[in-house]
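Data first, discussion second: the structure below is written as structure tokens.
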Amino acid sequence: MRMEELKSGAALVIKPLERRIDAASATGFKNTLGERIQKGEKFIILDLSEVDFIDSTGLGAIVSVLKSLGDGGELIICNPRETVMSLFRLTRMNRVFQILPSVEEAVASISGT
Amino acid sequence: MMEFPVPQSCMKLRIDSRLDQVFMVGHAIRGICSHLGLDKVVVYKLELAVVEAVNNAIKHAYESRPGYPVEITVGLSRECLRFEICDEGNTLNFQRGACLDYDPRDRKTLPERGMGLTIMEEIMDEISYGRREGRNCLTLCKHLTRRRSLHE
């Protein structure tokens, strides 16, 4: 999966450039982020502004990344579209993830931790 | 199996049992539902429900083996939008009433899989699964006469 990566303070901002995080792409997504975590990243901001479809396998991959970060790490979702947000609500994952409207707010949130 | 209204018009799609083919089904469902003037979140949810059903057929009925058919029939009547997803693989132990049971504050309990059926049940008004003419058929129905269904 094509992704843009940007280091901002302690946070790694990841922006998937594909429109779908689904059963076909979830493994690649999870492996890429897993490699960053292996290299020591603890705070990840996932910018979903380009993503217009996530299925349960894609959501499971995002959950897996959160679990891989451990208790000391954080995964913040930002810029989700209304449609993608409806999946987080449907599965109650909006109560699991911190979901913010912009990368700037996500970076500020991590800087304050 | 539950009886559904006979569709006034229908379309059949057929893909190979490969996850990298499922996006085509998703785009087709999105296009049809958008054309009906449904709210974009409802369109997304209908695409999601059908994609989950097709993923299940590929991953579980065919155990992720490529080379087998998955057929999707989209039927439209005045009463409902109906999707039928049929495969020739293993018959699944399809148990209704699935729910996501986890503690949002406890990361260890968060589900990484097994959410598809709950999602389908949350989105659709009626679901039926059974054998027909040697195939497994999952039927998903969304009522169109209820204002809630169109705009929720």
Side-chain angles (χ1 to χ4, degrees), chain A residues 1 16 18-31 33-34 37 42-44 48 51-77 80-99, chain B residues 15-27 29-30 33-34 38-60 64 66 98-124 152:
Chain A
M1 172 179 282
E18 309 288 345
R19 300 182 83 83
R20 300 174 81 87
I21 303 177
D22 58 14
S25 62
T27 302
F29 170 84
K30 190 164 75 172
N31 290 346
L33 270 69
I37 294 167
K42 295 293 286 180
F43 301 101
I44 294 177
L48 292 178
V51 176
D52 68 8
F53 185 86
I54 300 179
D55 66 11
S56 69
T57 312
L59 183 61
I62 295 171
V63 170
S64 173
V65 171
L66 175 67
K67 288 171 143 180
S68 300
L69 285 163
D71 290 336
E74 194 57 69
L75 172 62
I76 296 180
I77 308 291
R81 297 184 184 196
E82 188 185 351
T83 47
V84 166
M85 192 63 208
S86 72
L87 173 64
F88 280 85
R89 289 199 189 95
L90 195 66
T91 54
R92 296 189 294 128
M93 288 294 171
N94 58 318
R95 295 165 61 188
V96 172
F97 293 94
Q98 190 176 0
I99 302 175
Chain B
I15 62 166
D16 191 71
S17 52
R18 288 167 36 189
L19 293 174
D20 64 1
Q21 305 284 295
V22 180
F23 80 94
M24 291 190 287
V25 176
H27 282 295
I29 300 301
R30 187 185 301 198
C33 294
S34 297
L38 302 179
D39 175 84
K40 66 180 176 184
V41 172
V42 177
V43 172
Y44 170 80
K45 287 181 175 177
L46 292 172
E47 177 184 355
L48 177 62
V50 175
V51 164
E52 296 294 344
V54 175
N55 286 346
N56 270 356
I58 295 171
K59 289 200 274 192
H60 302 302
S64 299
C99 68
L100 293 176
D101 185 21
Y102 66 86
D103 179 355
R105 296 160 299 182
D106 183 356
R107 287 185 187 177
K108 290 192 293 293
T109 69
L110 302 180
E112 296 179 42
R113 55 183 63 85
M115 294 183 271
L117 180 54
T118 302
I119 287 171
M120 284 187 269
E121 289 194 312
E122 286 282 333
I123 293 171
M124 306 307 294
E152 70 182 357

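No experiment lies behind these values; they were computed from the predicted model shown.
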What one should report as the nearest heavy-atom pair of G70(A) and R107(B) is O-NH1, 2.5 Å

Might you confirm whether atom CZ of R113(B) has over 12 heavy atoms from other residues, nucleotides or ligands at distances under 6.0 Å? no

Are the side chain of K67(A) and the backbone of L110(B) linked by a donor-acceptor contact shorter than 3.5 Å? yes

To the nearest 0.5 Å, how far apart are CD in E112(B) and NZ in K30(A)? 6.0 Å

Segment of M85(A) engaging chain B (4.5 angstrom heavy-atom cut-off): neither

Check I119(B) against S56(A) and note the closest heavy-atom contact, atom names and distance. CD1-CB, 3.7 Å

Most heavy-atom pairs under 4.5 angstrom with chain A, which of V43(B), L100(B), D20(B)? L100(B)

Taking the side chain as C-beta and beyond, is there a heavy-atom pair between L90(A) and I123(B) under 4.5 Å? yes

Can you find a heavy atom in the side chain of M115(B) that is under 4.5 Å from one in the side chain of M93(A)? yes

How close do A23(A) and N55(B) get, heavy atom to heavy atom, and via which atoms? CB-ND2, 3.7 Å

Do R95(A) and Y102(B) form a cation-pi contact, if we require the NZ or CZ to be under 6.0 Å from the six-membered ring centre and within 45 degrees of the ring's axis? no

Restricting to side chain to side chain contact (heavy atoms under 4.5 Å, CB included), what partner residues turn up for N56(B), sequence neighbours left out? H60(B), M120(B)

Using non-hydrogen atoms and a 4.5 Å limit, figure out which bit of K59(B) sits close to chain A: side chain, backbone, both or neither. side chain

Under 4.5 Å heavy-atom distance to chain B, tell me which part of I62(A) shows up: side chain, backbone, both or neither. neither

Sort out for me which of D55(A), T57(A), D22(A) touches chain B most, counting heavy-atom pairs under 4.5 Å. D55(A)

From T91(A) atom OG1 to E122(B) atom CD, the distance as rounded to the nearest 0.5 Å: 9.5 Å

Under 3.5 Å: donor-acceptor pair, side chain of Y44(B), backbone of D52(A): no

My understanding is that only residues two or more places apart in sequence, or in another chain, count here; which of them pass salt bridge (charged side-chain N to carboxylate O under 4.0 Å, His left out) with E47(B)? R20(A), R30(B)

Give a yes or no on this: more than 12 heavy atoms of other residues, nucleotides or ligands lie within 6.0 Å of atom CG of D71(A). no

Separation between CG (L87(A)) and NZ (K45(B)), nearest 0.5 Å, reads 9.5 Å

